[in-house]
Amino acid sequence: MRLAVLTGEHYITGDEACAEGALAAGCTFFGGYPITPATEIAEHMSKCLPEIGGTFIQMEDEIAAMASILGASWAGVKSMTSTSGPGFSLMMENIGLAVCTETPCVVVNVQRGGPSTGLPTMGAQGDMMQARWGSHGHYEIIALAASSAQEMFSQTITAFNLAEKYRTPVILLADEVIGHMSEKVIIPEASEIKTVSRPKPQGEKEGFRPFQPGENGVAPMPSAGDGYKIHVTGLTHDERGYPVMTVEAQAQMVERIVKKIQNNRDDIIKTESYSLDDAEIILVSYGISARTSLAAMNQARALGMKVGFLKLLTIWPFAEEKVRALATKARAFITVEINYGQIHLEVMRSVAGKAECHLVGHAGGTVITPEQVLERIKELY
Amino acid sequence: MAADIQASQSEIVHPLDHLIRTDRIPHIWCPGCGIGTVFSACLKAMISSRIDLEKTCMVSGIGCTGRAAGYLNLDSFHTTHGRAIPFATGLKLANPELNVIVFSGDGDLFAIGGNHFIHGARRNVDMTVICVNNFIYGMTGGQVGATTPVKAKTTTTPVGNPDAPFNLPLLAWASGANYVARWTMLHIRKLTACIEKALTRKGFSFIEVLAPCPTNYGRKNKENSLETLRLYRDKTIIKNNVDPSELDMDFEKGIILGEFVSRERPTCIENYDRTCRIP
């Protein structure tokens with residue numbers, strides 16, 4: 001037997017730290033399917049969940065894995081899955097169902113090189129846009145990034161807390177390097193870990209409306225078996241959860257799903273700032289590339305160049321207000337990411353012509369080195 | 001007088017009304033469709049089985065039959081196409097107290113969802129799966145499915161279906177289901193009794209129910225709803241415990257109905273608790 005929170009200092013991989021974060025957040029159901037480089041999360045959960053009274057199930061594919069965690073969430077527990085590129089593509093259908101039915105759950109994508117089978121054992125950051133709008137239809141989603149094993153632990157907890165608070169799927173975007181790297185992870189006392197649970201309905205069960213928003217635009221969520229006789233559908237529905245095939249119902253439902261995220265951007269979006277006050281050139285990055293960027297910034301500062309770094313802990317919704325404000329002071333931005341420009345485009349959109357925007361990126365398979373970033377800084381300085 | 005009749009009619013309550021979201025009626029099903037009959041058999045069985053209805057939920061996929069969950073006045077989930085069983089698996093494993101019924105169509109459960117079906121049966125997840133088999137994709141206007149008989153005409157097999165259909169009870173048996181039966185919607189009492197049995201049994205129970213789709217299957221194949229019912233009466237043979245390999249869908253030699261499998265393999269949860277939880 002073990003405790004859900006493994007308080008102490010550990011030397012573990014990012015994937016294991018993610019699983020420990022999930023357990024500390026109160027996750028008791030994991031439905032998964034093996035895929036490199038995310039398999040170790042499922043393996044760790046398969047070992048630990050039965051020890052704390054939870055349930056692990058390896059499903060027949062990622063479609064089923066995603067469906068199972070939605071069912072578990074409606075049974076009233078905190079649930080998650082983990083995957084990588086091809087599996088993430090298969091999950092998209094039911095990620096849409098989770099958005100539409102406002103079902104809290106956590107999906108971890110330990111990114112590898114793509115497209116298709118790509119580079120299974122080698123890292124990349126090419127799924128940033130897929131996380132944004134990979135399922136069909138217009139919606140808002142929350143996606144986070146992690147740049148260390150320690151952040152895999154803490155960001156997984158944050159992912160669960162946001163999923164529960166806003167009744168939405170939350171995606172944690174890691175990458176192969178972070179997932180497989182072993183580092184020191186400090187797990188605090190259980191009492192020091194803040195966990196959030198979904199708002200539950202109070203009062204009259206008859207006539208209860210499971211999609212009528214309460215505080216923050218989020219509707220209280222009953223579980224199956226609570227006696228509320230809820231109907232949950234992926235069809236466009238009204239506040240009762242009943243299908244309504246009209247332009248008005250569609251506008252009302254989608255607008256609410258979009259606004260419950262958009263109107264709470266200040267609460268959701270987290271960034272870290274490094275030497276931004278006097279920065280002429282600002283690096284923007286996340287995940288493993290955030291560590292490249294911090295090293296490059298330090299090297300540039302040592303050479304006397306005024307370079308700052310904005311680390312994104314939240315990917316979606318994008319920190320556009322923060323970037324826009326910085327654009328009035330800095331003259332150039334360099335986005336550092338292992339793709340050919342995905343968050344780079346968001347930075348460009350936010351900067352809106354007020355500063356130069358550049359990209360240091362490549363197609364994936366290895367990390368970006370600080371020297372590659374420094375070289376670009378020197379060219380621009 | 002007219003006002004009196006109106007008043008007395010408004011007091012008439014169907015005995016199943018409390019299980020129906022009456023504010024969602026009229027339903028979408030066509031005249032002559034068999035789904036409603038299967039649905040009411042299911043509701044009757046839910047009552048007669050005396051299962052705790054507050055702890056009972058129905059999960060459907062997509063399609064005409066998939067709309068059933070939306071009419072049930074209990075916790076009900078209308079999920080994505082083919083994915084009712086894995087969704088239901090999550091519900092059941094996360095809260096073993098729930099009675100879980102999957103109510104969906106042949107296209108949903110056996111074409112797009114076929115993989116989930118065989119794995120649900122293999123794991124023997126404790127749930128009752130009712131498949132309304134009308135041989136065709138009804139909601140999308142009559143395309144060939146994994147259950148469409150050979151040579152049958154559909155909008156995507158305009159000169160006849162070249163492929164053989166699944167033998168669903170054989171598939172369920174081979175995959176590991178604890179309980180397997182097949183009826184038509186004409187055999188309403190036997191069907192209701194079997195659903196009742198399935199609801200109170202442990203493990204994965206599967207009931208296939210043949211039902212007419214006059215709008216799409218019937219019209220294409222020159223078979224009106226009444227003729228389909230005659231086939232159900234004249235071309236079926238009730239034969240319990242027959243070898244599942246004899247259950248091909250062949251109206252020429254006759255369709256075999258009955259209970260075919262009734263065994264006690266341990267359920268998914270029992271196996272997990274026994275194997276994975278260290279006491």
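In what follows, chains are A, B, ... by sequence order, proteins preceding strands, each numbered from 1.
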Report yes if the side chains of [X] and [Y] come closer than 4.5 Å at any heavy-atom pair, otherwise no.
X: A:K229; Y: B:S76; answer: no
X: A:L235; Y: B:R67; answer: yes
X: B:R123; Y: A:M59; answer: yes
X: B:L72; Y: A:H231; answer: no
X: A:S68; Y: B:F87; answer: no

Can you tell me how far apart [atom1] ([X]) and [atom2] ([Y]) are? Round to the nearest 0.5 Å.
X: B:F77; Y: A:T103; atom1: CZ; atom2: OG1; answer: 8.5 Å
X: A:L97; Y: B:H78; atom1: CG; atom2: NE2; answer: 10.0 Å
X: A:L70; Y: B:L91; atom1: CG; atom2: CG; answer: 9.5 Å
X: A:L49; Y: B:C276; atom1: CG; atom2: SG; answer: 11.0 Å
X: B:N115; Y: A:I63; atom1: CG; atom2: CD1; answer: 8.5 Å

Kindly check if the number of other-residue, nucleotide or ligand heavy atoms within 6.0 Å of [atom1] ([X]) is above 12?
X: A:Y33; atom1: OH; value: no
X: B:R50; atom1: CZ; value: no
X: A:H136; atom1: NE2; value: no
X: B:W173; atom1: CH2; value: no
X: A:Q252; atom1: CD; value: no

Less than 4.5 Å to any heavy atom of chain A: does that hold for the side chain of B:T89, its backbone, both, or neither? side chain
Counting N and O atoms only, with roles assigned by atom type, does the side chain of B:R277 sit under 3.5 Å from a partner on the main chain of A:I52, one being a donor and the other an acceptor?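 It does not hold such a pair.
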What residue, out of [options], has the most heavy-atom pairs lying under 4.5 Å from chain B?
options: A:V77, A:T233, A:I230; answer: A:I230
options: A:G76, A:A224, A:G234; answer: A:A224
options: A:G241, A:S79, A:S73, A:G53; answer: A:G53

In terms of heavy-atom pairs under 4.5 Å with chain A, which of B:K55, B:H81, B:K92, B:H119 leads? B:H119
Do you know which of B:N95, B:I62, B:L53, B:L74 has the most heavy-atom pairs under 4.5 Å to chain A?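 If we count pairs closer than 4.5 Å to chain A, B:L74 comes out on top.
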Which atoms of [X] are under 4.5 Å from chain B, going by heavy atoms: the side chain, the backbone, both sets, or neither?
X: A:S223; result: backbone
X: A:I69; result: neither
X: A:D61; result: side chain

Smallest separation among heavy atoms of B:D23 and A:R240, with atom names: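 Residues B:D23 and A:R240, closest heavy atoms: OD2-NH1, 3.7 Å.
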Please report the shortest heavy-atom distance between B:L93 and A:F29, naming the atom on each side. CB-CE1, 3.9 Å
Apply salt bridge (charged side-chain N to carboxylate O under 4.0 Å, His left out) to the pair B:R83 and A:E93, showing each step before the final yes or no. CA-CA 10 Å; B:R83 321 303 175 203; A:E93 176 191 44; 2.9 Å; yes
Taking the six-membered ring of A:Y242, is NZ or CZ of B:R21 closer than 6.0 Å to its centre and within 45° of its axis? no
